[in-house]
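Data block below; observations after.
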Amino acid sequence: MRAGMRATTSLLAVVALTFAVPGNAGAENRHGGTLRLAGLGDLDHFDTASAYTAVATMIQRAYTRQLVTHPTTDDPARAGALVADLAAEVPTVANGGISADGRTYTFRIRRGAKWDAPSGARQVTADDVVLGIKRVCNPVAGAGAPQYFTDTIAGMREFCDGFAQVAPETGAIARYLGGHEITGVRALGDRTVRFTLSAPVPDFLEILALGFSSPAPREYLRYLPDGPEFRQHTISDGPYRISSYTPGAEIVFTRNPAWDASADPVRRAHVDGIHVRLGVDRQEVVTLIDTGQADATWDVPVPPDRLAPLLANDDPRLRHADVGMMEPYLVINMLSPNENHATANLLVRQALQYGIDKAAAADIAGGAKIAHPSCQILGPANPAYRQYCPYATPGDHGDPAKARQLLAEAGYPNGLKLKMLHSDVPPQPAIAQSVRDSLARAGITVELVQVGIGDYYGKYLADSTYAREGAWDIVAPNWRPDWIVGANARSYFSPLFDSSGYSADSPNFGSNYGFYHNPRTDGLIHQALTAPDQATANTRFQEAERQILDDAAVVPMVTRDATFFVSARVRGAVRFPNARVDPANVRLAW
C-alpha cells in the first residue's frame, strides 16, 4: 500500500480528531474530548475507489465500511483473522457462504448499516456493493491495485477494459456503470451479494477487506470520481461523516447520525468528531504531541533527532511494528527517453543497484532500532521469503567502482545524468539527497525535482505520460503490504510488478510506476496466485522475486518499522490493523 498515493493538491496537514471514551466513572472512562492528529500531507483521495495510502486507510475506518475487515488489536494472531463488518457473518464453506469449489462467495448484508444520504438515512444494499466494485477501474481515478480484482473476479477484466475507453466525464461514466455489468458480481435482492471468481483464490476475503472494496452510494454517480465536487459530498456509512473540507486548511468530521452502533461490531466510536487542520511539519508535530497540544501523528515519521531518545527510553508513547514496509525502495522508469533510454538498459539498472548507499538511507529512515538496509522485496517474516541478495556491497554502503564498470559496459564511460523525483514530505528530501550523493561517486549525476506529496503520487506517478516524457528517471516511494499480517506476498508482487493487465500505452500502470514488464515474471505471479496450496504459491513468489531482482527492476533499499507517536492521554493506540491510530476505536483520558 500504500505508496500508491493520489491527490489533486499538495497540502500540509495537522489533523485533530474528536473522540469519546467509554462511560464509566473516572477520567479514564469519560466520553468526549478532542483527539488532535498532526501531520504534513492531505489525503491522497477521499474516494474509496482510489485512496491508497496508509493515512487514507487509517481515516477510512471512520467513514467507510467493508463486508469484512481486520479487528483493532495489538495481537498479530487476532489481527490476521478477518471479522464480519457490513456482512452479517464471514462466509465459509461450513456455513454455505463459500462454495465447495472455492469459486463463489455469498454475503448477506447486515441490517441497520446505513448511509448518511442527503435524502435521509438509507440501508446499505447489495447494489451499493456492486457499484463500489464497478468504480474500482473508473477512468478518472481508479484503484492503485486493480489486479486484485481483475485477476480474481470473473468478468472484471473485460468490464475494466471497456471502462478504460470511456470519456472521463460524469455523464459518460454514469452511463457505462448503469449499462454494463461484471459477470462475477451480482446483487441477489436488496441485501445479498454474490461474487463468482475465475479460479479459487485463498486470499479473496483479504481483497474484500481493502478500502477499494467499499460499497458506493448511488449519489456518487453525480460527481467525477474524487473530483472537487465529490470531496464536498462524500457520504458515510461509518460512525463519522465529513462535515467540511477546505483544501489547505482543514477537514472536519462529526458523528454520523445514520450510524447504528448495534449494526457495527467493529467500531466502538468512542469519540465525537474529527477536526483536521492543515500545515505542520514533523518537528512541530512532535513538539505539539510532546506538550499535549496534539495527540498523534498523522502522516509523517518522527524526525531522527526526536526519534532516537524515544527509542532509547522505550517511551510508551512511541508505537512501532514490523509490517513488512519497504521505506524507501527505488523505482526505475523503464520508459524514460532520457540519456538515450539509459534506464531501459539492464547494465545501467545494475549500476544503480551497486551505486546506492543503503546504510546511509537506513540511518535517515530512523536508525538501527527500526530501519535496516535491504536487498530484497520480501522480509524474513514473510512466509514466502527466501534469502537472495545478488547486489550485495560491503556494509551496504554501495560499490562505486563496480557501478562505474557497469556503466562503461553499458556505453556510458563518462557517466550519465538522471532525474530523481521526490516529494516534500520528510524524510523524502533527505533520502533523495543521499541517493544523489551516493550515485555521484559512481559517476551518475542526479537532478533532484521536488514536488508536493499530492502531485508526487496523484500526478507524476499515477499518469504514465510523465514517465514516457522523461519527467523522471528514478523515484524512491514507500510501500507496505495491503494487509500486514499473514500470507501477503500478493500485495507486493501483484500491484508492483505484474504488467499483464497493462499495455505500453495504458494511461497508468497502477503501482507498477516504472512499467516493469517481463512475461516470465507475470507468469510466475499468476502461477502463485492460482496455486493449489500456499507452499506452491510461496515457491512461485520466490521465483518471481529472483526474476525481478535479476532484471534490476527496482532497488530495495530499506525496511522500516511503521511508527506512530501519541500523547499521554491516548488510550487504545494499538498496532493493528494499520499500525496507526484507529480513529473509530481510540479513547482519551481527560
Side-chain angles (χ1 to χ4, degrees), residues 2-3 5 12 39-41 53-54 281-287 297-312 318 320-332 352-377 379 391-400 403 418 420-442 444 446-453 456-457 472 474-480 554-565 579:
R2 317 249 158 211
M5 198 169 187
L12 304 178
L40 190 63
T53 61
D281 66 36
R282 61 177 181 162
Q283 286 287 351
E284 187 178 357
V285 166
V286 178
T287 298
T297 49
W298 167 249
D299 66 340
V300 295
V302 178
D305 62 318
R306 310 292 289 273
L307 185 64
L310 293 171
L311 288 168
L318 181 72
H320 62 96
D322 180 1
V323 298
M325 203 157 59
M326 296 192 293
E327 188 171 322
Y329 70 109
L330 195 79
V331 175
I332 303 169
L352 292 171
Q353 303 281 344
Y354 286 106
I356 292 177
D357 186 338
K358 299 178 181 181
D363 286 341
I364 294 168
K369 277 200 172 183
I370 63 167
H372 312 281
S374 174
C375 60
Q376 293 190 234
I377 298 159
Y391 309 107
T393 64
D396 295 301
H397 288 294
D399 187 339
L418 299 177
M420 181 174 184
L421 193 71
H422 68 89
S423 83
D424 56 357
V425 175
Q428 274 261 324
I431 292 288
Q433 291 164 16
S434 176
V435 170
R436 178 196 61 192
D437 294 345
S438 60
L439 290 180
R441 301 178 305 161
I444 300 173
V446 175
E447 175 189 351
L448 299 183
V449 180
Q450 178 170 299
V451 297
I453 185 62
Y456 180 63
Y457 286 105
W472 60 274
I474 54 176
V475 291
N478 304 325
W479 186 264
R480 70 177 186 174
V554 297
V555 182
M557 291 174 61
V558 178
T559 58
R560 185 185 187 276
D561 285 7
T563 62
F564 59 103
F565 186 45

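FYI, the numbering just counts along the sequence from 1.
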Discussion item. Tyr456 vs Val475, test: side-chain contact (heavy atoms from CB on, under 4.5 Å). Steps then yes/no.
Written reply: CA-CA 10 Å; Tyr456 180 63; Val475 291; 3.7 Å; yes
Discussion item. In the structure I gave you, are the side-chain heavy atoms of Ile431 and Val558 within less than 4.5 Å of one another anywhere?
Written reply: no
Fill in: Non-hydrogen side-chain atoms of Phe565 and Arg306 separated by less than 4.5 Å
no
Fill in: Any donor-acceptor pair under 3.5 Å from Arg441 side chain to Pro400 backbone
no
Worksheet item: Hey, does Val449 have a side-chain heavy atom less than 4.5 Å from the side chain of Trp472?
Response: no
Discussion item. Restricting to non-hydrogen atoms, name the atom on Gly355 and the atom on Ala442 that form the minimum distance, rounded to 0.1 Å.
Written reply: CA-CB, 4.4 Å
Worksheet item: Got a donor-acceptor contact below 3.5 angstrom from the Ser438 side chain to the Ser434 backbone?
Response: yes
Worksheet item: Considering all heavy atoms of both residues, which atom of Met420 and which atom of Ala476 are nearest to each other, and what is their separation?
Response: CE-CB, 3.7 Å
Discussion item. Side chains of Met557 and Pro328, heavy atoms from C-beta outward: is any pair under 4.5 Å?
Written reply: yes
Worksheet, complete the sentence: The reported gap from CD in Gln376 to OG1 in Thr559 (rounded to nearest 0.5 angstrom) is 10.5 Å
Practice prompt. Find out whether Ile377 and Trp479 are in side-chain contact, i.e. whether some heavy atom of one side chain is under 4.5 Å from a heavy atom of the other.
Written response: no
Practice prompt. Taking all non-hydrogen atoms of both residues into account, name the closest pair between Pro303 and Val286 and its distance.
Written response: CD-CG2, 3.6 Å
Discussion item. Can a donor-acceptor pair be found, under 3.5 Å and without considering hydrogens, that links the side chain of Glu327 to the backbone of Ala371?
Written reply: no
Worksheet item: Just how far is it from atom CG of Leu330 to atom CD1 of Ile356, taken to the nearest 0.5 Å?
Response: 4.5 Å
Discussion item. I want to check something: taking the side chain as every heavy atom from C-beta on, are Ser374 and Tyr329 in contact at a cut-off of under 4.5 Å?
Written reply: no
Worksheet entry | Any side-chain heavy-atom pair of Val285 and Leu40 under 4.5 Å | no
Discussion item. Holding to side-chain contact (heavy atoms from CB on, under 4.5 Å), I want the full list of residues that pass it with Arg436, two or more places apart in sequence or in another chain.
Written reply: Gln433, Val446, Leu448
Discussion item. Please find the pair of heavy atoms, one from Ile364 and one from Pro427, that lie closest to each other, and give the distance.
Written reply: CG2-CB, 3.9 Å
Item to complete: Measure the spacing between CG of Asp357 and NE2 of His397 and express it to the nearest 0.5 Å.
Response: 5.5 Å
Practice prompt. Identify the residue among Lys369, His372, His320 that makes a side-chain hydrogen bond (donor to acceptor under 3.5 Å, both in side chains) with Asp561.
Written response: His320
Worksheet item: When you look at Met326 and Val554, which way does the side-chain contact (heavy atoms from CB on, under 4.5 Å) test go after all the steps?
Response: CA-CA 11 Å; Met326 296 192 293; Val554 297; over 6 Å; no
Item to complete: Apply side-chain contact (heavy atoms from CB on, under 4.5 Å) to the pair Leu310 and Thr563, showing each step before the final yes or no.
Response: CA-CA 11 Å; Leu310 293 171; Thr563 62; over 6 Å; no
Item to complete: With rounding to the nearest 0.5 Å, note down the distance linking CZ in Arg560 to CG in Asp322.
Response: 11.5 Å
Worksheet item: Do the non-hydrogen side-chain atoms of His422 and Pro429 ever get within less than 4.5 Å of each other?
Response: yes
Fill in: Nearest-0.5 Å distance that lies between atom CG in Leu418 and atom CG in Leu352
6.0 Å
Practice prompt. Start with the C-alpha distance between Ile474 and Leu439, add both sets of side-chain angles, then the distance that settles side-chain contact (heavy atoms from CB on, under 4.5 Å), and finish with yes or no.
Written response: CA-CA 12 Å; Ile474 54 176; Leu439 290 180; 4.2 Å; yes
Practice prompt. Mind checking the CG-CZ spacing from Leu318 to Phe564? Nearest 0.5 Å is all I need.
Written response: 8.5 Å
